Amino acid sequence: MDEISLRQKEDIDKSKREIAEMLKRTQEQTVLPMDMFDGVSDDSEDEAEVVLEQLGERIADGKTVSMNDLPKSLRDEFLRDISNGNTKNLIESWKPWWLMPESIHNTAVANSSTQIPCIRSYLTSGDFRDVSLPTQCNSCLPYHCVEILFFYCLSMRLYNGDLEESENEIAECILRLSYVLSQSVVIQSMDECMALLVCNEGLLEMSRNEELTKSPVLLELPNSESKDRKRTSKEYVLRGLSDVVTLFEIPHFAIDALAHCSLLFRHCYLKHKRKYLFLAEKKCSFLTTFLRRMTTEEFWLLQKEV
């Protein structure tokens, strides 16, 4: 199911039409969750597993696979999950790297090739270099960092942390939503920063269109009164800010994230936004260097202010 939902680009339009037709026929029915092999005999289960293995081999060979190739039990389960909005059952949720303990993060960066951001590895490889800072920096810079880091965390969660397939989309989302990067807004206080996040037009539009709730990893909202109630952008801001607070708990995590933003903009291939991407990259590089000069106490005070 993960391969079908994430890799089958050529067959996506056909699948969407098939799903829409099936959902239209069943939209008046009450659909209950169902286990993958619930009510299926052992023989049928074994047969379904064999079919899945064969489909996996076809996908590995680059052949086209459609939803109709699935065993009936899995196809019915897929349609039930779609009808219930249960997309998390279809796509494995990504765990944000900033939720790792520092020791595990450092070990993973040192011993694996996974794309975990780390300023130390960026400096070693030459992907990132510090820039010159003025003798005295503007007091607004910490708030600019908070705003950008908020949209970094939100965008990474929104695209399930899929840097291999969605790197351009993540960079474009950060650039589009961040007023600091897209409109050169100057934020003078934390109160002003919070107000801009809650009233962010892009975030409000995504909330109205339920784009956030359609994400397979959606920012899960704890202690919600009702799962059926439509969420507000303020709820997502409050939930997303917990990620920012987590970043500031370990200073180099916040630095890692901003440096990663800089590289995302550098690698983004959107010709019509080349100028804005270049400026966003330079601004993030400047702010990354700014964070690298901050003391541990200054990080702690900024975290408390958030």
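It should be emphasised that the depicted structure is a prediction, and the values quoted were computed from it without experimental measurement. These numbers come from the heavy atoms of this one structure, side chains and all, not from hydrogens, waters or symmetry mates. Along the sequence shown, the residues carry numbers beginning at 1.
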Exercise for review: Side-chain contact test, heavy atoms from C-beta onward, threshold under 4.5 Å: evaluate it for H252 versus H105 and give yes or no.
Suggested key: yes
Point to revise | side chain to side chain contact (heavy atoms under 4.5 Å, CB included) evaluation trace for V186 with H144 | key: CA-CA 8 Å; V186 176; H144 289 187; 4.3 Å; yes
Study note, to complete from the structure: Heavy atoms of C261 and I174 approach each other most closely as SG-CD1, 4.3 Å
Review point. Taking all non-hydrogen atoms of both residues, which atom of V146 and which atom of C193 are closest, and how far apart?
Key: CG1-SG, 3.9 Å
Point to revise | Atom pair CG/SG of D127 and C118 - distance to nearest 0.5 Å | key: 11.5 Å
Exercise for review: Please check if V109 and L123 belong to a single hydrophobic cluster, counting links between Ile, Leu, Val, Met, Phe, Trp and Tyr side chain heavy atoms closer than 4.5 Å.
Suggested key: yes
Practice item. Without swapping roles, check the side chain of S166 against the backbone of E169 for a donor-acceptor pair under 3.5 Å. Key: no
Exercise for review: Calculate, to the nearest 0.5 Å, the distance between atoms CZ and CD belonging to R176 and E205 respectively.
Suggested key: 9.5 Å
Review point. Atom CG in L247, atom CG in L99: separation rounded to 0.5 Å?
Key: 8.5 Å
**Study point:** Atom pair CD1 (I148) and CG (L175), whose distance is rounded to the nearest 0.5 Å
**Key:** 10.0 Å
Exercise for review: Enter the distance from I116:CD1 to I104:CD1 here, rounded to the nearest 0.5 Å.
Suggested key: 10.0 Å
List the atom pairs, donor and acceptor, that lie under 3.5 Å between side-chain atoms in residues 274-283 and the rest of the protein, sequence neighbours left out.
unit_1	atom_1	unit_2	atom_2	d
E281	OE2	R266	NE	3.0
K283	NZ	V180	O	3.0

Point to revise | Residues F151, L149; criterion side chain to side chain contact (heavy atoms under 4.5 Å, CB included); working and verdict | key: CA-CA 5 Å; F151 289 115; L149 289 174; over 6 Å; no
Exercise for review: Flag the pair H260 / H267 as yes when their ring centroid distance falls below 6.0 Å, and as no otherwise.
Suggested key: no
Practice item. Kindly work out whether a path of hydrophobic side-chain contacts (I/L/V/M/F/W/Y, heavy atoms less than 4.5 Å apart) joins F128 to L133. Key: yes
**Study point:** L163 and M156, any side-chain heavy atoms less than 4.5 Å apart
**Key:** yes
Check your understanding: For F265 and C284, which heavy atoms make the closest approach, and how far apart are they?
Key -> CE1-SG, 3.7 Å
Review point. Does any non-hydrogen side-chain atom of Y143 lie less than 4.5 Å from one of E305?
Key: yes
Check your understanding: Side-chain contact, heavy-atom cut-off 4.5 Å: Y122 with P117?
Key -> yes
Point to revise | Hphob cluster co-occupancy, L238 + V306, side-chain heavy atoms under 4.5 angstrom | key: no
Revision key, fill the gap. Between G126 and R129 the two heavy atoms that sit nearest each other are O-NH1, 3.8 Å
Practice item. Report the C-alpha distance between N106 and E102 in whole Å, list the side-chain angles of each, state the deciding distance to 0.1 Å, and finish with yes or no for side chain to side chain contact (heavy atoms under 4.5 Å, CB included). Key: CA-CA 6 Å; N106 295 340; E102 186 176 11; 3.6 Å; yes
Practice item. Using atom types as modelled and distance alone, determine if a side-chain donor or acceptor of E167 lies under 3.5 Å from a backbone N or O of E164. Key: no
Review point. If we only count heavy atoms from C-beta on, is the L258 to Y152 side-chain gap below 4.5 Å?
Key: no
**Study point:** Cluster link L301 to L141, ILVMFWY, side chain under 4.5 Å
**Key:** no
**Study point:** pair L291-C145: side-chain heavy atoms closer than 4.5 Å
**Key:** yes
Review point. Which class fits the ring pair F253 and W97: parallel under 30°, tilted 30 to 60°, perpendicular over 60°?
Key: perpendicular
Check your understanding: Between F248 and F299, what is the ring plane arrangement, given parallel below 30°, perpendicular above 60°, and tilted in between?
Key -> tilted
Check your understanding: Are side-chain N/O atoms of W94 and D162 paired as donor and acceptor at under 3.5 Å?
Key -> no
Review point. Can you name the nearest heavy-atom pair linking V244 to F150, along with the distance?
Key: CG2-CA, 3.6 Å
Check your understanding: If you group Ile, Leu, Val, Met, Phe, Trp and Tyr by side-chain heavy-atom gaps below 4.5 Å, do L196 and V245 land in one group?
Key -> yes
Review point. So how far is it from E172 CD to L177 CG, rounded to the nearest 0.5 Å?
Key: 8.0 Å
Check your understanding: Has the side chain of N168 got a donor or acceptor atom that lies under 3.5 Å from a matching backbone atom of Y269?
Key -> yes
Practice item. Would you sort out whether D256 and R120 count as a salt bridge (charged side-chain N to carboxylate O under 4.0 Å, His left out), showing the intermediate values? Key: CA-CA 8 Å; D256 292 344; R120 300 185 184 105; over 6 Å; no
Point to revise | side chain to side chain contact (heavy atoms under 4.5 Å, CB included) assessment of N200 paired with L204 | key: CA-CA 6 Å; N200 184 282; L204 288 170; 5.9 Å; no
**Study point:** Non-hydrogen side-chain atoms of M194 and L241 separated by less than 4.5 Å
**Key:** yes
Exercise for review: Return each pair, listed once, that meets side chain to side chain donor-acceptor pair (under 3.5 Å) where at least one residue sits in residues 178-192; pairs must be two or more places apart or across chains.
Suggested key: E147-S178
Review point. Are the side chains of L203 and V198 in touch, meaning some heavy atoms are under 4.5 Å apart?
Key: no
Point to revise | Chi angles and distances behind the side-chain hydrogen bond (donor to acceptor under 3.5 Å, both in side chains) call for E165, Y159 | key: CA-CA 9 Å; E165 294 290 334; Y159 287 94; over 6 Å; no
Check your understanding: Taking all atoms of both residues into account, what is the closest heavy-atom pair of R293 and V131, and its distance?
Key -> NH2-O, 4.5 Å
